[in-house]
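A quick write-up on the structure given underneath.
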Amino acid sequence: MAATIPSTFLSASLLLLCLLSASRKGCVAFEQQELAAETHHHTLLVSSLLPSSVCNSSKAKYSHNPCFMTADWPFGDCFYRQKVLLHDQARVNSIHSRFANTVNNVKEKAATSIPAMSGSVIGSASYIVTVGLGTPKKDLSLVFDTGSDLTWTQCQPCVGYCYQQKEPIFDPTQSKSYLNISCSSSICGSLYSATGGNRPGCSSSTCVYKIGYGDKSFSVGFFGTERLTLTSADIFDNFLFGCGENNQGLFRGAAGLLGLGRNELSLPSQIAQKYNKVFSYCLPSSARSTGYLSFGNSGFSNSVKFTPLVTLSGGPSFYGLGITEISVDGKRLSISSSVFTTAGTIIDSGTDITRLPPTAYSALRTAFRQGMSKYPMGKQIQILDTCYDLSSYNSVSIPNISISFSGGVEVEIAPAGILYVISPSQVCLAFAGNNDDSEVGILGNVQQRTLQVVYDGANGRLGFAADGCS
Ligand SMILES: *[C@@H]1O[C@H](CO)[C@@H](O)[C@H](O)[C@H]1NC(C)=O
Ligand SMILES: *[C@@H]1O[C@H](CO)[C@@H](O)[C@H](O)[C@H]1NC(C)=O
Ligand SMILES: *[C@@H]1O[C@H](CO)[C@@H](O)[C@H](O)[C@H]1NC(C)=O
């Protein structure tokens, strides 16, 4: 049995292209079309990188289209893509800081240290699912995040601040099933590790949670329990969550966050009795497609190949995995395996661009540039230093990239996971290097696009299969 919820591409981060000219101001969606798979290269139509529809800001607001969040995007549509990259870096910095107190090696055992840092950054976390909360149930769109544990939603009364969201803000007084958690309850204390090291507070003997994100986003409110409805066959009572009465951040219309990390307060842990910490998802390649988030083990195909799940010291909430090699056009890059084992790698649905140890990234960049040598380079942008000006081409042929994981699992990255397109004259390799090899690597959501990704917490393994969605 399995519960499957459709997931929506919220930020359309790869596929939202912004035009700077005032007359055509707005964001446009495009879809990458694959023309043909040559021997090694992927061939894409450059015109498929171009605007296919102009978003209408009046209509775009809060509809499930790629402009969904741009209405309240503070820097305006045109800076959207640069902003996404900045947010992504803030999230990565915060993840790195959670590992900062640990030595530079991977320990393949349960970690005991609790990170004492500010928590992760939601950043540009891009994918949402709609779940039901309360009795009667209210539908809420939540960002799903494998790099966070605590689930929270904005709640009335907004005693501090609530940002604009798509659905009405949840009101616990209108629900028959909401209960506060008392400060004296031991579960209140578990918030410390589930929020990345924030001590719970107490107000009128009710447990108060606080979760901060490195980019100044935060949520503060009462820790409570509610009835959670994933599907009509999947109703969970007494689900622990944060009812946030003071929230700030760029959550872009989502009502809050669904925590899918490994801590006891995460959703997979709370529903483990039914689904044994097994869930899977597919992140769609464009805003026009729909992916899914599915709980239980009957939702995935038997072509899924599994690699062992690793627990990194300093990051017990994160899903660690071991990269063994990277190939470009079928040729294995010469990278010493210790480069990947020094700090290890996590997989994160909330980080966009994959971060590699700089030694590995520079080998990847060299090989990719060789494969792209017939195209003129374009301006680099922030963390992306390998960009091409494809404005005068009809089609482009890009090298293919695959990543291998422990256990001999080779995963070919889909074309939608190789390029990050700012504009036709700035089409960039969607990978970046960390500052040094001692920082943890992160397999980001751009590279996970269209793959079926299976988290099997019960058996300590992570699976991948191609073509999970389009
Ligand atoms: C934007 O909305 C207006 C009014 O509904 C409509 O006339 C126009 O065609 C729309 N533009 C686009 C590009 O969809
Ligand atoms: C939860 O606790 C807060 C603080 O004591 C209180 O204001 C609120 O009414 C309580 N909610 C419920 C449903 O008990
Ligand atoms: C990528 O390269 C590998 C190794 O040569 C090859 O087997 C595979 O077919 C290529 N994929 C595409 C889509 O070209």
Once you round to the nearest 0.5 Å, how far does NZ of K210 lie from CG of L191? 12.5 Å
Please examine the side chains of I346 and T351, heavy atoms only from C-beta on, and report whether any two atoms are closer than 4.5 Å. no
Pair L462-F405, side chain to side chain contact (heavy atoms under 4.5 Å, CB included): steps then yes or no: CA-CA 10 Å; L462 250 160; F405 300 95; over 6 Å; no
If every non-hydrogen atom of P268 is compared with every non-hydrogen atom of G259, which pair is closest and at what distance? CD-O, 3.7 Å
Once rounded to the nearest 0.5 Å, what's the spacing between atom CG of N263 and atom CZ of F318? 11.0 Å
Between OG on residue S362 and CD1 on residue I335, distance to nearest 0.5 Å: 8.0 Å
Does a side-chain heavy-atom distance below 4.5 Å link Y275 with L267? no
Check the orientation of Y281 and Y455. Use parallel for under 30°, tilted for 30 to 60°, and perpendicular for over 60°. tilted
Within the distance-only criterion (no hydrogens, no angle test), does the side chain of E245 pair as donor or acceptor with the backbone N or O of C155 below 3.5 angstrom? no
Checking side-chain polar atoms at under 3.5 Å, does D437 have a donor or acceptor matched by the opposite partner on T342? no
Disulfide (SG to SG under 2.5 Å) between C188 and C207, intermediate numbers included: CA-CA 6 Å; C188 181; C207 181; 2.1 Å; yes
Any side-chain to backbone donor/acceptor pair from E325 onto R332? Under 3.5 Å, distance only. no
Classify the side-chain pair S349/N445 by whether it contains a donor and acceptor separated by less than 3.5 Å. no
How many angstroms lie between CD1 in I326 and CD1 in I413, if you round to the nearest 0.5 Å? 9.0 Å
Does the side chain of I181 reach to within under 4.5 Å of the side chain of Y209, using non-hydrogen atoms? no
Tell me if a side-chain donor or acceptor on S175 pairs with a main-chain N or O of S177 at a distance below 3.5 Å. yes
Partner residues of N180 under the side chain to side chain contact (heavy atoms under 4.5 Å, CB included) criterion, sequence neighbours left out: Y178, T206, F222
T153 side chain vs A255 backbone, donor-acceptor pair below 3.5 Å: yes
Indicate whether any N or O donor in one side chain lies under 3.5 Å from an N or O acceptor in the other, for Q89 and Q382. no
Is it the case that the side chain of E226 and the backbone of L228 share a donor-acceptor pair, with hydrogens and angles ignored and the cut-off at 3.5 Å? no
Verify, without hydrogens or angle tests, whether D329 (side chain) and N400 (backbone) share a donor-acceptor contact under 3.5 angstrom. yes
Is the closest side-chain heavy-atom distance between I401 and F431 below 4.5 Å? yes
Pair S404, E410: side-chain N/O donor-acceptor within cut-off below 3.5 Å: no
May I ask you to test the F464-I347 pair for a side-chain heavy-atom distance under 4.5 Å? yes
Counting N and O atoms only, with roles assigned by atom type, does the side chain of T307 sit under 3.5 Å from a partner on the main chain of S406, one being a donor and the other an acceptor? yes
Just checking, any donor-acceptor pair under 3.5 angstrom between side chains of S280 and Y292? no
Distance-only, no hydrogens or angles: does the Q448 side chain make a donor-acceptor pair with backbone N or O of L283 under 3.5 Å? no
Salt bridge present between D88 and R355 (N-O < 4.0 angstrom): yes
Under 3.5 Å, is there a donor-acceptor pair between the side chain of N276 and the main chain of V278? no
Do side-chain atoms of E439 reach the backbone of N93 as a donor and acceptor pair under 3.5 angstrom? no
Would you kindly say whether S182 and S185 are connected by a side-chain donor-acceptor distance under 3.5 Å? no
Indicate whether any N or O donor in one side chain lies under 3.5 Å from an N or O acceptor in the other, for D139 and T130. no
Separation between OG1 (T195) and CD1 (I211), nearest 0.5 Å, reads 5.5 Å
Enclosure of D467 CG (heavy-atom neighbours >12, cutoff 6.0 Å): no
I want to check something: taking the side chain as every heavy atom from C-beta on, are L257 and L142 in contact at a cut-off of under 4.5 Å? no
Gap between atom CG of L429 and atom CZ of F368 - 0.5 Å precision: 5.0 Å
